[in-house]
Amino acid sequence: MKKLLALLLLAGVTYRVAAQTKPTVIPLYDGKIPNEVPGPDQEKREVNQDKVEIVSLVRTPTLSVYLPAKGKANGTAVVICPGGGYWILASGHEGADVARKFAEQGVTAFVLKYRLPDPAITSQPEITPLQDAQRALYLVRKRAKEWNVNPQRVGILGFSAGGHLASTAGTHFNQSQIQNPENLSLRPDFMVLIYPVISSDPTIWHQGSFERLLGKGASKGKLQAYSNEQQVTAQTPPTFLVHASDDELVPVQNSIVFYQALRQHKIPGELHVYQGGGHGFGMINPTTKDLWFERCVNWLASNKLMTK
């Protein structure tokens, strides 16, 4: 009987520990979703032939909250934007997997399920992803005390087109796309950009992402406005970048030109270019034993953006 009781107690402890690793999913907006075009909820979540979990047709944006274990939170927070060409969201290896890893390091992580620029879902496709990213940053700062977050250490991370969204949030923060009655800062305190879409220069761009966001035949001025290496200023947040030299989908020059813009404006930054790896490798580049995540943690600590 005592053994049975001990096993039951152990099972209860195990369950509670496991439960802490499960995210709390909250709606991004209270009430009406901005720019919403009425229609049926057709959101899909599936695993494709490459065993990648993807989400599409997002109509109701959410934040999935990954809290560190009790007593381990160090005050740093990061909003994670999965990639997918502004067409889908690679929500597993570019979302949940990364959030869990950050939570292990004491960083409170938030996976953003953002709306994609689809005219059937939003009346303003161009600004809608940025709107959702700004709302995520706003919510994290508004509820910082509840989540044990230092509101001056809230960053944003993005992969591929999610990297374009993250870099847009980090270079367009002076123009608010959301209601912000408390006038909270919408500027990320740091950016982490992993094989990001950055430039609209047709010699290095990812054409599909820009056409999806701005439409085919967008004006030169509009393309330039979202070519984020051209939007870097002295106020741009410190940035950590990762890319592979052999990325044939989003050329490595996207990260290089952004890093050069950071240097021009004396913004702290670090760029890691791997010899191989291609595009879309998530946390683990299969061509090397080196882990960019570990380098990222070291960079955050060295810039006093988190405590290890």
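Remember, predicted model here, so these are calculated numbers, not experimental data.
- Side chain of Asn254 to backbone of Ile204: a donor-acceptor contact under 3.5 angstrom is found.
- Looking only at distances, a side-chain donor or acceptor of Asp189 sits under 3.5 Å from a matching main-chain atom of Arg153.
- Residues Gln275 and Ser245 bring no donor and acceptor atom of their side chains to less than 3.5 Å of each other.
- The stretch residues 120-154 participates, sequence neighbours left out, in these ring-ring contact (aromatic ring centres under 6.0 Å, His included) pairs: Phe110-Trp147.
- In this structure, Thr60 has no side-chain hydrogen bond (donor to acceptor under 3.5 Å, both in side chains) partners at least two apart in sequence or on a different chain.
- The pair Asp290-Arg295 meets the salt-bridge criterion, since a charged nitrogen lies less than 4.0 angstrom from a carboxylate oxygen.
- Inspection of the Glu94 and Tyr195 side chains reveals an N or O donor paired with an N or O acceptor under 3.5 Å.
- Of the possible donor and acceptor atoms, none in the side chain of Asn150 sits under 3.5 Å from a partner among the backbone N and O of Thr76.
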Exercise answer: donor-acceptor pairs, residues 158-167 side-chain atoms, under 3.5 Å, sequence neighbours excluded:
residue	atom	partner	partner atom	Å
Ser160	OG	His279	NE2	2.9
His164	ND1	Tyr86	OH	2.8
His164	NE2	Tyr226	O	2.8
Ser167	OG	Gly163	O	3.1
Ser167	OG	His164	O	3.0
Ser167	OG	Asn228	ND2	2.8

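- Ring centroid separation for the pair Phe281 and His93 does not come in under the 6.0 Å cut-off.
- A salt bridge does not link Glu43 to Arg59: none of the charged side-chain nitrogens sits closer than 4.0 Å to a carboxylate oxygen.
- Distance check: Ser227 OG to Trp205 CH2 gives 10.0 Å after rounding to the nearest 0.5 Å.
- Side-chain atoms of Gln131 and Arg115 include a donor-acceptor pair closer than 3.5 Å.
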